[in-house]
Amino acid sequence: MLGILYMIFRIGNLIEVVKGKKEDNSWNNINAVLFLVFMVGGLTLFFWYSIKHMGTYEPPVASVHGEVTDNLFWITMWVTVFAFVIIFIAMFWFTYAYRYDKNRKAAFFADNHYLEITWTVVPAIVLALLIFKGLKAWNDITSPASKEAVLIEVVGQQFAWTARYPGAKDKELGKHNYKLIDASNEFGLDLTDKNTFDDFKSLTLYLPKGKEVLLKIRAKDVLHSVFLPHFRLKMDAVPGVATHFKFTPTKTTQEMREETGNPNFNYEMACTEICGRGHFSMRFPVIVVEADEYEKWLASQESWLKQNPEYMKYVPDNLKEAAMIKAGLPAISASIKTTNSVTLK
Ligand SMILES: [Cu+2]
């Protein structure tokens, strides 16, 4: 329909040109006014929409660095909105004000150094400040974590997440090797390393409130991406490249339920890299609890080796006893010691 109307309009114009009415500029003023209408209408809609949905731009923040990145986001937003509004108004106002007028001759204006310098230096300074602030925030997030940080490994694969925790005994993640991955040993745990003995698998990302958490991220097959929107955390999981991200949760799941007024609120982790057909199902539950409750949960977890005792055969002989104790498997010598101490009492 629009195409047909345009053709009729064009034919009408061409007929007028053929008839010799070249000087007719009746559409000139109409177009100029339409530019103004577009400017006012566009800006009104822009501000109306932005203000109406202001509250839904970001979910409530629940991490220390999240406050910093939110702040950066809004500074960038206001700077760009300010520039956008000025350019938008100038562009359409000039089109309107300097529309064709047969009595007006355009002034010739080659260049102006002051103008050139101003519109180069001012944006350069503003952008440099934004980038330096952003770089600082990025370095804070990715720099080495403190020694007390809670270590958690998150592994992405088509199409699920799994988490590996260092056991409560050594608080260190054991070595892994992708060549050792099989149907049961999904992390590829290298059982010649004593730190693997008490590592355990979790299908929930359990986090302590108020403690620094270091997420070590890896992928088994293709690119995935760890996305924890409430903690303002996003980091790619890349096969063959270890990535990490540190953050400190500030609100427990319970506190967040009270804040949002939603008794069913749950944090969640999603994959934000289109990684295949099952991408949508890469949803991982997240629970934040108080630090003491976290310690209890940690102590109640069963080690991976205890759940897969047949893998004891890969543990070197000289470490077997240590492995059984650490993994929580009933070790013969350990039980004798216990019996003795009981008898002595
Ligand atoms: Cu994925």
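Basis for what follows: all heavy atoms, side chains included, without hydrogens, waters or symmetry-related copies. First listed ligand is number 1; within each ligand, the first listed atom is number 1. Positions are given from 1 along the sequence. Bear in mind the structure is a predicted one, so any value in this text is a computation, not a measurement.
Applying the side chain to side chain donor-acceptor pair (under 3.5 Å) rule to pairs touching residues 238-249 yields S143-K246, sequence neighbours excluded. The side chain to side chain donor-acceptor pair (under 3.5 Å) pairs that include a residue from residues 61-76 are E58-W74, D70-R232, where partners are two or more places apart or lie in different chains. Residues in residues 308-330 take part in these ring pair (Phe, Tyr, Trp, His ring centres under 6.0 Å) pairs, two or more places apart or across chains: W304-Y311, Y311-Y314.
Here the two rings, on F227 and W161, have centers that are 6.0 Å apart or farther.
N195 has its side chain out of reach of K175: every pair of non-hydrogen atoms, C-beta onward, lies at least 4.5 Å apart.
Neighbours of the Cu ion (ligand 1) restricted to protein N, O or S atoms under 2.8 Å: the count is 4.
Ion pairing between a basic and an acidic side chain is recognised when a charged N comes within 4.0 Å of a carboxylate O; D140 and K136 show such pairing.
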